[in-house]
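This structure is in structure tokens; I'll ask about it shortly.
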Amino acid sequence: MKKVIAMQDLDCANCAAKMEDSIRKIDGVISVSINFMTQKMTLEVADGNFDEAIAKIKAAIKKIEPDCKLKI
């Protein structure tokens, strides 16, 4: 399943790169790309794992940039 998810309060491109690296390591994530300028994340997750993966992704994002949120 592929989705584009809006992000809120992503403050720097370096943090976006760190988030991508961290999210890629999560089980079920096939691909991820974060565009700092548009504040959007393109995410592809294996079918059936979306809710579980999103919970882990939110935790990974919060560790890197606590104020950043996903608009799902």
Side-chain angles (χ1 to χ4, degrees):
M1 171 185 302
K2 191 170 190 176
K3 285 198 172 198
V4 176
I5 301 170
M7 301 178 83
Q8 181 178 348
D9 297 328
L10 178 59
D11 290 334
C12 73
N14 187 40
C15 292
K18 287 179 184 178
M19 287 177 194
E20 282 183 354
D21 289 340
S22 181
I23 292 168
R24 276 191 193 102
K25 296 174 185 173
I26 295 172
D27 287 337
V29 174
I30 297 168
S31 67
V32 62
S33 175
I34 297 175
N35 186 318
F36 169 68
M37 296 302 290
T38 62
Q39 302 269 315
K40 291 187 180 177
M41 173 173 55
T42 303
L43 178 67
E44 187 173 0
V45 178
D47 290 336
N49 291 342
F50 187 75
D51 293 334
E52 183 181 328
I54 286 294
K56 291 178 183 177
I57 289 167
K58 285 180 179 180
I61 288 171
K62 197 160 247 352
K63 283 182 185 177
I64 295 166
E65 195 163 324
D67 294 333
C68 185
K69 295 179 178 77
L70 298 180
K71 294 182 180 181
I72 299 176

- Item | Check: T38 main-chain N/O paired with N35 side-chain donor or acceptor under 3.5 Å |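 Yes; at least one donor-acceptor contact below 3.5 Å.
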- Item | Verdict with supporting geometry, I5 and I54, side-chain contact (heavy atoms from CB on, under 4.5 Å) | CA-CA 11 Å; I5 301 170; I54 286 294; 4.0 Å; yes
- Using salt bridge (charged side-chain N to carboxylate O under 4.0 Å, His left out) as the criterion, list what pairs up with D21, not counting sequence neighbours.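 By the salt bridge (charged side-chain N to carboxylate O under 4.0 Å, His left out) rule, D21 matches R24.
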- Nearest heavy atoms of K40 and M7, plus distance in Å: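 Of all heavy-atom pairs spanning K40 and M7, the closest is C-SD, 4.4 Å.
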- Message: Under the rule for salt bridge (charged side-chain N to carboxylate O under 4.0 Å, His left out), what residues qualify as partners of K18, not counting sequence neighbours?
- Response: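 Salt bridge (charged side-chain N to carboxylate O under 4.0 Å, His left out) list for K18, sorted by chain: empty.
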- Message: Quick check against the 3.5 Å criterion: does E44 have a side-chain atom that pairs as donor or acceptor with the backbone of M1?
- Response: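 No; judged by distance alone, with no hydrogens or angles, the pair does not exist.
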- Message: For D11, is there any backbone N or O sitting under 3.5 Å from a side-chain donor or acceptor partner on E65?
- Response: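 Yes, the answer is positive, given that a donor and an acceptor are paired below the 3.5 Å cut-off.
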- Item | Same apolar cluster: F50 and I26, side chain cutoff 4.5 Å |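 Same cluster.
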- Item | Check: K63 and S22 side chains under 4.5 Å, non-hydrogen atoms |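 They are not in side-chain contact.
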- Task: For the pair M19 and M41, evaluate side-chain contact (heavy atoms from CB on, under 4.5 Å) and give the outcome as yes or no after the intermediate values.
- Result: CA-CA 10 Å; M19 287 177 194; M41 173 173 55; over 6 Å; no
- Message: Let me check something: do F36 and L70 share a hydrophobic cluster, defined by ILVMFWY side-chain heavy atoms less than 4.5 Å apart, either directly or through other members?
- Response: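 Yes; tracing contacts between hydrophobic side chains, which count when under 4.5 Å, links both residues.
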- Message: Side chains of L43 and V4, heavy atoms from C-beta outward: is any pair under 4.5 Å?
- Response: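 Not in contact.
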- Message: So which atom in C15 and which in I64 form the shortest heavy-atom distance, rounded to 0.1 Å?
- Response: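 So the two residues come closest at O-CG2, 3.9 Å.
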- Is D9 atom CG crowded by more than 12 heavy atoms from other residues, nucleotides or ligands, each under 6.0 Å away?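 Counting other residues, nucleotides and ligands, CG of D9 exceeds 12 neighbours.
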- Message: Between L10 and I72, is there shared hydrophobic-cluster membership here, with clusters defined by ILVMFWY side-chain heavy atoms closer than 4.5 Å?
- Response: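 Same hydrophobic cluster.
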- Taking all non-hydrogen atoms of both residues, which atom of K2 and which atom of T42 are closest, and how far apart?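 Looking at all heavy atoms of both residues, the closest pair is CE-CG2, 3.7 Å.
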